[in-house]
Amino acid sequence: MSAYDSPSTERIRIAIQKSGRLAETSLKLLERSGLSFARSKDKLFWYGRNLPVDLLLVRDDDIPRLLLEGMCDLGIVGQNVAREKILDARRSTADDDLDELATLDFGHCRLMLALPEQQAYQSPQQLSGARIATSYPQLTRHWLQQHDVEAKIVFLNGAVEIAPSLGTADAIVDLVSTGTTLRANHLRAVETVTESQAALYRGRSTLSSDSAALLDKVVQRIQGVQQASETKYVMFHAPRAELAAIAEILPGAESPTVLPLEGQSDRVAVHALCTEQVFWGHLEALKSAGASAILVLPVEKMLV
Ligand code: ATP
Ligand code: ZN
């Protein structure tokens with residue numbers, strides 16, 4: 001039986017990248033969500049050990065199609081890849097769409113327009129009639145349309161960044177995270193076409209009500225792990241009189257817990273769950289407001 005055939009009892013399938021930039025973090029996220037898999041040698045299909053939830057390990061480019069065709073129920077893939085395939089699918093079927101359930105805060109990159117270094121750039125309008133090489137024709141076309149520019153898109157499956165020096169394109173639209181590849185090819189990024197990070201998508205499969213309930217539970221756990229990794233538990237001592245000012249500093253905190261300190265009437269202990277990133281700047285601001293003994297602790301799991 002191939003990994004894509006329907007098994008007799010209904011099981012949920014999650015597709016992740018087999019190897020590459022997203023592979024390891026995607027798997028870790030699922031394992032931290034309490035899923036465990038029997039790793040098989042062929043590395044294409046891993047059977048779920050503790051729940052009827054199996055893993056498909058595939059090329060990232062195949063994930064949107066597997067979701068759209070209902071071959072898998074959930075998938076983790078870059079927004080860049082998912083949005084490109086969604087736009088492409090929409091050209092043939094009006095309602096082909098994938099639900100983005102959560103952004104996952106890894107695999108950050110930008111799809112950017114880049115020009116040869118020596119070329120001046122003023123606005124998208126100067127691209128009128130230009131040849132733009134890209135592996136993302138739909139996202140590029142969409143961006144050009146938004147700016148009311150007509151240009152020729154040259155589709156390339158890889159090595160997009162060498163197209164200008166080969167003379168096959170005047171500009172490129174490609175993924176950039178550090179800009180090193182662009183610099184090595186004497187290109188300069190001038191516009192962000194779209195920002196991207198890994199995200200969790202729901203496919204178009206239909207499930208029995210039991211399986212749908214299990215899928216909801218898995219999604220909730222993934223969201224919980226995701227939220228927990230951004231959330232910190234912050235504890236410190238503070239002057240009672242400064243509590244209002246201090247509450248303003250805490251990023252993404254709801255009403256903090258305030259506890260008395262033995263033998264001190266003017267100072268209290270404060271515990272708060274911060275759902276947004278806590279930076280050194282926040283801690284310094286707390287200290288300036290009179291806080292002391294400041295501790296920031298990671299949160300492992302969360303169910304809200
Ligand atoms: P596959 O063999 O699965 O097709 P790939 O070569 O297409 O792999 P990777 O290079 O592993 O893909 O990138 C996967 C995803 O990682 C990208 O689609 C993008 O969402 C994200 N990503 C993050 N940073 C970068 C970057 N600097 N360059 C390319 N992709 C990046
Ligand atoms: Zn790929």
Side-chain angles (χ1 to χ4, degrees), residues 3-4 13-30 37 39-40 42-46 54-69 71-72 74-89 98-115 132-143 153 155-164 169 171-203 222 226 229:
Y4 296 152
R13 292 166 183 189
I14 308 181
I16 63 170
Q17 191 188 28
K18 181 179 172 189
S19 64
R21 287 186 159 94
L22 307 179
E24 201 183 317
T25 318
S26 303
L27 179 61
K28 263 202 202 118
L29 174 61
L30 297 179
F37 306 99
R39 302 180 176 220
S40 68
D42 74 2
K43 284 192 75 188
L44 176 68
F45 182 83
W46 291 2
D54 304 325
L55 205 57
L56 291 181
L57 298 116
V58 294
R59 288 200 53 198
D60 67 341
D61 315 63
D62 292 335
I63 294 175
R65 185 178 51 81
L66 289 169
L67 288 165
L68 285 167
E69 291 176 359
M71 304 285 233
C72 63
L74 294 173
I76 296 176
V77 67
Q79 290 171 319
N80 53 316
V81 171
R83 289 179 185 160
E84 176 71 20
K85 292 283 156 51
I86 292 168
L87 285 176
D88 196 35
L98 297 177
D99 269 348
E100 187 181 292
L101 303 178
T103 51
L104 302 174
D105 202 23
F106 66 93
H108 287 274
C109 56
R110 288 176 182 190
L111 191 62
M112 297 194 82
L113 171 75
L115 300 180
I132 305 177
T134 186
S135 308
Y136 294 87
Q138 303 306 330
L139 288 169
T140 303
R141 187 167 293 128
H142 187 73
W143 183 83
I153 293 172
F155 175 74
L156 293 178
N157 223 337
V160 170
E161 64 284 353
I162 62 169
I172 68 166
V173 168
D174 204 6
L175 288 183
V176 178
S177 56
T178 59
T180 320
T181 314
L182 289 185
R183 274 192 297 281
N185 288 281
H186 305 290
L187 297 168
R188 180 170 60 101
V190 294
E191 294 270 9
T192 299
V193 170
T194 183
E195 306 231 358
S196 175
Q197 57 179 296
L200 176 69
Y201 291 91
R202 169 78 175 100
I222 294 172
Q226 177 56 22
S229 69

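For reference, positions follow the sequence shown, starting with 1. Whatever order the structure lists them in is the order used to number ligands and atoms, beginning at 1.
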* Asked: Quick one: side-chain contact (heavy atoms from CB on, under 4.5 Å) partners of Thr178, sequence neighbours excluded?
  ->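 Per chain and number, Thr178 pairs via side-chain contact (heavy atoms from CB on, under 4.5 Å) with Thr180.
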
Side chains of [X] and [Y]: does their closest heavy-atom pair fall under 4.5 Å?
X      : Y      : value
Asp174 : Leu182 : no
Leu22  : Ile16  : no
Asp61  : Lys85  : yes
Met112 : Val173 : no

* In order of chain and number, which residues sit within 4.0 Å of ligand 1 by heavy atom? -> Gln17, Ser19, Gly20, Arg21, Leu22, Arg59, Asp60, Asp61, Gly78, Asn80, Val81, Gly107, His108, Cys109, Leu175, Ser177

Please list every donor-acceptor pair under 3.5 Å in which a side-chain atom of residues 99-107 meets a protein atom from a residue at least two apart or in another chain.
| residue | atom | partner | partner atom | Å |
| --- | --- | --- | --- | --- |
| Glu100 | OE1 | Gln79 | NE2 | 3.4 |
| Glu100 | OE1 | Tyr201 | OH | 3.0 |
| Glu100 | OE2 | Gln79 | NE2 | 3.3 |
| Asp105 | OD1 | His108 | NE2 | 2.7 |

* Structure fact -> Taking 2.8 Å as the strict upper bound, the Zn ion (ligand 2) has protein N, O or S neighbours numbering 2

* To do: Could you tell me the separation between the CD1 atom of Ile14 and the CG atom of Leu67, rounded to the nearest 0.5 Å?
  => 10.5 Å

* Asked: Passes side-chain contact (heavy atoms from CB on, under 4.5 Å), Trp143 versus Thr194? Steps please.
  -> CA-CA 8 Å; Trp143 183 83; Thr194 183; over 6 Å; no

* **Thr134 side chain to Val160 backbone, donor-acceptor under 3.5 Å** =>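 Checked: no pair found.
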
